[in-house]
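Structure record follows, encoded as structure tokens.
All figures in this text were calculated on a predicted structure; none of them were measured in a lab. All chains are named by letter (A, B, ...) in the order of the sequence lines, taking the proteins before the strands, and each is independently numbered beginning at 1.
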Amino acid sequence: MNVFADIRALVMACLDTLETAGTLPGGLNRAAITVEPPRDAAHGDMATNAAMVLAKPAKMNPRAIAEALAAELAKDDRVTVAEVAGPGFLNMRLAADVWGGVIKAALTNADYGRSTLGQNKKMMVEYVSANPTGPLHVGHTRGAVFGDALASLLDYAGYDVTREYYINDGGAQVDVLARSVYLRYLEAHGQEVAFEDGTYPGDYLIPVGEALKDKVGDAYVGKGEQFWLEDVREYATEAMMSLIRDDLASLGIEMDNFYSEKGLYGSGRIEDAIQTLDQKGLIYRGTLEPPKGKLPEDWEPREQTLFKSTEYGDDVDRPVQKSDGAWTYFAPDIAYHYDKVERGFDALIDVFGADHGGYVKRMKAAVAALSDEKVPLDIKLTQLVKLYKNGEPFKMSKRAGTFVTLRDVVDQVGSDVTRFHMLTRKNDAPLDFDFDKVTEQSKDNPVFYVQYAHARINSVLRKAEVPVDDATLAGADLSLAAHEAELKVAKTLAEWPRLVEIAAKGHEPHRIAFYLYDLASDFHGLWNRGNDDTSLRFLQEGDKATTQAKIALIRAVQVVLASGLGILGVTPAEEMR
RNA sequence: GGUCCGUUAGCUCAGCUGGAUAGAGCGCUGCCCUCCGAAGGCAGAGGCCAGAGGUUCGAAUCCUCUACGGACCGCCA
């Protein structure tokens, strides 16, 4: 049940009728027609711009079209009033039982709002993909939460979603990791070691070094890298991935798949991908112009193998091979995305940190080239998280190893608060995260406000002296809960399915969080009006039928709150403590 | 020098891909709390949507330029 879709269909049907009757010319492009709730509720429940959009191509006066359409719309039982306003807007008021139908839909179908928009298309969301060189930090947390909520949202909107993590275990950084673990290993053997530049000094490697000692004894002590590097690298990477999996689990995130970069080397897949590009005439030997602005000290022109990404909108062509013939980081990335395309995904989404912004164009170019522009790739960048404590900026230094980890955050404020708060901002805007504010129990804190609404409804359900199972509530006479303030809540509920689709289309899970806040606000507002107007209280002593109708309304609110929180990965609170 | 993102109330931010008189919270001002849970409630003030052009019936939203802020910019990952 989606009121907006229903009314849109009605408008289209009425236009058909007008065309058949010859009132309107046929074959008009209707793509620009919208059927939306007007911003100002005083204008009605639903508005369409159809008359204005069609006026020009039909060579007719917009008001004339609007009036004809209004007459047609008014014939439908659901439309009580259809009137023309302003330059040609058509405003409609809908019958009260339309809103009652919304409440019943939510009560009889736990999946009210779930959409078939995605038509089961295969969609991959790649997120986190942090280097396996240490625990996840706050920056990763935002990407993790965003990617996970986006994946859930798309699933809810009817896509067949795969969540994947790309393990960058093929580059130089895992050698650095291995050397760092080796130092901890020596330390475990009682040696004094120094962590110089180019090593990871973090404490989290101490247990890894010790575990390595337990495993291989002193076999690697005093030996050159050629004896231990490969082995230690594998061991350390595995240990880091285990750490990362645990970090993700603490936020309730479970990947469907972990994809190893290293697995691409030696498999011929990189060569395949580059060859595919080559066959399209997109690979050549050449020398790049020096980068503008601050030039690296040791810059000199060198001939490399380049991908003609400029063919697909990039600013310069990008190297896939270094001057010594080794692959650049970009090459396995191309191969990885080629693999995604070959696995048959209909659309791809990558979630990157803002520092990878420079990567967007070339990656899109690669996917466009490899899929013959058939598989769209959307790249969502998550901006920085600024940490605060007691209102003061919270400094962290990666060099000193004092960065704030995902675990620090989750341990302190909990998974639910972390997730919800990080989704109360658009992904491409910076986010403030204040350890004190996010756990504050007040109206100022959206996390609390939404949770409180859910818990508060529970409280009413507990106190009710009438049956409150959904089946019974769905049979309530909802005309007993049709006060203007109650209808407002029902109207917000009616927007839920539409909002899900809007959020899914835009890949914008934050819209869910904002919607939930609005819904909670409507509910709390209704509650508060009960303070002055006792007829608006949910529990009407001695009047079972009315009580049931009102409870049906708020139970429907609870169902939608739970669905929305579910998408965000937040557990609905049963009670507040 | 270039690319990407941002700029909306004193502050923090929404704004449903072009709709009608621009929205919320905080803060501020004024009232209110015996009442299903007041970890509050109601009302009010507060805006040249960074600036200038353009596109059209109509622009915070789309295009161009400018200003400011952030991220990034060979063979690093």
Parallel, tilted or perpendicular: which fits the ring planes of [X] and [Y], with parallel below 30° and perpendicular above 60°?
X        : Y        : result
A/Tyr449 : A/His524 : tilted
A/Tyr359 : A/Phe352 : perpendicular
A/Trp496 : A/Tyr156 : tilted

Separation between the [atom1] atoms of [N] and [M], rounded to whole Å:
N     : M     : atom1 : value
B/G69 : B/U29 : C1'   : 33 Å
B/A59 : B/G54 : C1'   : 11 Å
B/G23 : B/G6  : P     : 23 Å
B/G51 : B/C28 : P     : 28 Å
B/G58 : B/G18 : P     : 16 Å
B/U64 : B/U12 : C1'   : 31 Å
B/C63 : B/G47 : C1'   : 25 Å
B/G27 : B/G10 : C1'   : 8 Å

Which nucleotide in B/C57, B/C36, B/A71 has an atom nearest any side-chain atom of A/Asp355: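 Comparing B/C57, B/C36, B/A71 against the side chain of A/Asp355, the answer is B/A71.
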
Take the protein atom [atom1] of [X] and the nucleotide atom [atom2] of [N], then report the distance between them rounded to whole Å.
X        : N     : atom1 : atom2 : answer
A/Leu384 : B/G69 : CG    : C1'   : 13 Å
A/Lys386 : B/U12 : NZ    : C1'   : 11 Å
A/Asn528 : B/A39 : CG    : C1'   : 13 Å
A/Gln383 : B/U7  : CD    : P     : 11 Å
A/Asp378 : B/C5  : CG    : C1'   : 14 Å
A/Asp317 : B/U3  : CG    : P     : 16 Å
A/Asn427 : B/G70 : CG    : P     : 20 Å

Ring centers of A/Phe420, A/Tyr517 separated by less than 6.0 Å: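 Here the rings of A/Tyr517 and A/Phe420 have centres that are no less than 6.0 Å from each other.
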
Check: A/Tyr166 ring centroid to A/Tyr336 ring centroid under 6.0 Å: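 Between A/Tyr336 and A/Tyr166, which both carry aromatic rings, the centre distance is below 6.0 Å.
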
Sugar-phosphate only, base, or nothing, as touched by A/Asn531 at under 4.0 Å among non-hydrogen atoms: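 Answer is base: heavy atoms of A/Asn531 come under 4.0 Å of a base.
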
Touch class at under 4.0 angstrom, heavy-atom based, for A/Gly357 against every strand present: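 No contact.
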
Distance, nearest 0.5 Å, that separates CE of A/Met46 from CE of A/Met92: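 Here the rounded value is 7.0 Å.
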
Okay, side chain of [X], backbone of [Y]: is any donor-acceptor separation there less than 3.5 Å?
X        : Y        : result
A/Asn427 : A/Leu381 : yes
A/Tyr515 : A/His510 : no
A/Thr34  : A/Glu36  : no
A/Thr547 : A/Gln540 : yes
A/Asn49  : A/Met52  : no
A/Asn131 : A/Thr133 : no

Answer yes or no: is there an ion pair linking [X] with [Y], defined by an N-O contact shorter than 4.0 Å?
X        : Y        : value
A/Asp315 : A/Lys361 : yes
A/Lys426 : A/Glu508 : no
A/Asp522 : A/Lys488 : yes

Short side-chain N/O contact to B/G41 OP1/OP2 from A/Trp527, under 4.0 Å: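 For B/G41, neither OP1 nor OP2 has a side-chain N or O of A/Trp527 closer than 4.0 Å.
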
Side-chain N or O of A/Lys56 closer than 4.0 Å to phosphate OP1/OP2 of B/U56: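 For B/U56, neither OP1 nor OP2 has a side-chain N or O of A/Lys56 closer than 4.0 Å.
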
A/Asp45/A/Lys491 under salt bridge (charged side-chain N to carboxylate O under 4.0 Å, His left out): CA gap, chis, key distance, verdict: CA-CA 8 Å; A/Asp45 298 320; A/Lys491 288 174 187 179; 2.6 Å; yes

RNA chain B contacts among residues 532-550 of chain A, heavy-atom distance under 4.0 Å: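 Output list: A/Arg537, A/Phe538, A/Leu539.
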
For RNA chain B, the residues among residues 446-462 of chain A that have a non-hydrogen atom under 4.0 Å from it: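 Result for residues 446-462 of chain A: A/Tyr452, A/Arg456, A/Ser459, sorted by number.
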
Working for side chain to side chain donor-acceptor pair (under 3.5 Å), residues A/Tyr329 and A/Asn168: CA-CA 9 Å; A/Tyr329 177 81; A/Asn168 289 112; 2.8 Å; yes

Those residues that, when tested against A/Glu484, pass salt bridge (charged side-chain N to carboxylate O under 4.0 Å, His left out) (two or more places apart):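 In terms of salt bridge (charged side-chain N to carboxylate O under 4.0 Å, His left out), with neighbours along the sequence ignored, A/Glu484 is linked to A/Arg529.
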
Reading 5' to 3' through nucleotides 14-22 of chain B, protein heavy-atom contacts under 4.0 Å coded B for base, S for sugar-phosphate only, - for none: SSBS-BB--

Close N or O pairs between protein and nucleotides 24-26 of chain B (under 3.5 Å):
none

Chi-angle category of B/U17 [syn within 90° of 0, anti beyond]: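 Syn.
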
Under the 3.5 Å Watson-Crick or G-U criterion, the dot-bracket string of RNA chain B, with | for inter-strand pairs: (((((((..((((.....[...)))).(((((.......))))).....(((((..]....))))))))))))....

